[in-house]
Amino acid sequence: MNAVNLVEELKWRNMLQDTTPGTEDQLQKEMTSAYIGFDPTADSLHIGNMVPIMLLTLLQKAGHKPIVLVGGATGRVGDPSGKKAERKLLSYQEIQHNLNCQKAQLERFLDFENGENKAELVNNYDWFKDMNFLDFIRDVGKHISVNYMMAKDSVKSRLEQGISFTEFSYQLVQGYDFYHLFQNNNCLLQMGGSDQWGNITTGTELIRRMTGKEAHALTAQLLTKSDGSKFGKSEGGNVWLDAKRTSPYKFYQYWLNIADEDAQKCIRFFSLREHSEIEDIEKQHAEAPHTRSLQNALAEEMTIRVHSEEDLARAKQASNILFGKSTAEDLRALDSEQFLEVFDGVPQSSVSKELLTEGLEALFVQSGFLPSNSELRRALKENSLSINKTKIGDNHTCTDSDLLNGQYLLLQRGKKSYFILNFS
RNA sequence: GGGGAGAUACUCAAGCGGUCAACGAGGUCAGACUGUAAAUCUGAUGGCUUCGCCUUCGUAGGUUCGAAUCCUGCUCUCCCCA
């Protein structure tokens, strides 16, 4: 019935890790509801969450119905999968706050409005809040043996170090989610990263034992980076989708700087362009790697999808000023607001106007940019200092006309290290 | 409790009476090259009023014209024996 075969699509993207038997048949047979759970551990999703988001996006594009489950209940327990140690519990208020924020973000990526297969959002707290412990262990716990639960990797890997009963129970709680959605939302499939396989199959097992019916699991490969570090982390930590946590500029830069090898994986994982178009970009990249077609395409597409066209334009402008051939003139073209946005995150110091004409030592050292006069001398010897993108020498002096917007001076050591002086 | 070894700059690690702000390696920073990459090459890497001066070699004293280097106390670390 469907023009797009989801399983084929995922295979083409090298995303598919594993499915339970019969999954593809079910998806080809009829519109199928499938869900993925999101953990409310922070008040923003990060790009690590883009893989499950893509699964749902592609699911919807293939004509099926995505169900987004936010883990109001499971978030109170803590998933041991992939975790070396017990996690600290979040307060109920924190979880609620995080849930609301994530919800708003998810709405960007899926169509919650139109069509028979419009996306739906559920919160497992709704069906767990009135569940009492005795009911749970009688009605649910009875069906799954401890032996079965202990055999899961997520549990097994923690047996040495210890795992609380709380986290041990996690798979059962998640399994019950699946059962609940199976019964109430006709949800026949749970998807997730490959680290979720164990949890998901506990769900299918539970459904089989409680209803005698069959439910399905589908997992995606985890995205790994060629240098072994974790995907979605930059030096400053996670790359978040929230512009307040990771500015669109930094977000754009993250994609732009992905290693070639990883970019090849990412374009298939994340791009919503036509297959032929993606293959063209891959070809381009192979022929002329230095143009970095893959990184550019990715950075543009992802910045637009997560932020907006305007944010992309600004990010590009900022990048151009920071890294491109742009010069003093481009810098002067910025108004005060743009200037501060481009150099968002660059350390600033407010200094009094008298300093301006008091020489380099005053500007670079007293302002706190360079740690000592020796450092300043060294930098001058290296010819590594610039003011307003123009290299300066030993006896440079500044005047009022050097001030950007009558107020700022942009100091620079080498290529990457910036500092803003704010003359007030 | 007895015996031994050690503590040096961001890290590792030389130095064992003057030529030591202290070899070397890693890291970091800069310059060249480049794809805002990797690799490579070059330089820098305590502070200052820089052809000189000042403060640093666990800590406090001492010997000496002169100590990171020798002596003593203290603190800490490691090893061996009981």
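A, B, ... follow the sequence lines: proteins, then strands. Residue 1 opens every chain.
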So which protein nitrogen or oxygen atoms get under 3.5 Å of nucleotides 55-57 of chain B's nitrogens or oxygens?
none

Notebook entry, point to check: Under the side-chain hydrogen bond (donor to acceptor under 3.5 Å, both in side chains) test, which residues partner A:Asp195, sequence neighbours left out?
Noted result: none
Check: When the C1' atoms of B:G4 and B:G52 are considered, how many whole Å apart are they?
Finding: 46 Å
Next item on the list: Classify the angle between the aromatic ring planes of A:His275 and A:Trp12 as parallel (below 30°), tilted (30 to 60°) or perpendicular (above 60°).
Entry: parallel
Checklist line | For A:Lys65, all residues meeting salt bridge (Lys or Arg N to Asp or Glu O under 4.0 Å), sequence neighbours excluded | finding: A:Glu120
Notebook entry, point to check: Where does the angle between the aromatic ring planes of A:Phe343 and A:Tyr418 fall among parallel (under 30°), tilted (30 to 60°) and perpendicular (over 60°)?
Noted result: tilted
Ignoring hydrogens and angles, write down the donor-acceptor pairs under 3.5 Å from the side chains of residues 356-363 of chain A, residues two or more places apart or on other chains.
unit_1, atom_1, unit_2, atom_2, d
A:Glu361, OE2, A:Asn373, ND2, 3.2

Note to self: Working note: A:Tyr176 + A:Tyr179, criterion ring pair (Phe, Tyr, Trp, His ring centres under 6.0 Å); need CA distance, chi angles, decisive distance, verdict.
What the structure shows: CA-CA 5 Å; A:Tyr176 182 77; A:Tyr179 167 79; 5.6 Å; yes
Note to self: Output the rounded distance in Å from CG (A:Asn373) to C1' (B:A44).
What the structure shows: 17 Å
Note to self: Suppose you measure atom P in B:A82 against the same atom in B:C71; what distance do you get, rounded to whole Å?
What the structure shows: 30 Å
Note to self: Side chains of A:Arg245 and A:Asp43, heavy atoms from C-beta outward: is any pair under 4.5 Å?
What the structure shows: yes
Margin query: List the residues meeting salt bridge (Lys or Arg N to Asp or Glu O under 4.0 Å) with A:Glu300, not counting sequence neighbours, and say none if there are none.
Written below: A:Lys316
Item checked: Rounded P spacing from B:C80 to B:G46 in Å -> 38 Å
Check: Taking the C1' atom of each, how far is B:A30 from B:C74, in whole Å?
Finding: 44 Å
Next item on the list: Could you measure between the two P atoms, the one in B:G43 and the one in B:U11, and give it in whole Å?
Entry: 25 Å
Next item on the list: Would you give a per-nucleotide map of nucleotides 30-41 of chain B, 5' to 3', where B means the base has a protein non-hydrogen atom under 4.0 Å away, S means only the sugar-phosphate does, and - means neither?
Entry: SS-BBBB-----
Next item on the list: Determine the Euclidean distance between corresponding C1' atoms of B:A39 and B:C20; express it in Å to zero decimal places.
Entry: 36 Å
Next item on the list: Between B:G73 and B:G3, how far apart are the P atoms? Round to whole Å, please.
Entry: 13 Å
Item checked: Over 12 foreign heavy atoms within 6.0 Å of CD, A:Glu279 -> yes
Margin query: Would you measure the distance from the C1' atom in B:A14 across to the matching atom in B:A25 and give it in whole Å?
Written below: 11 Å
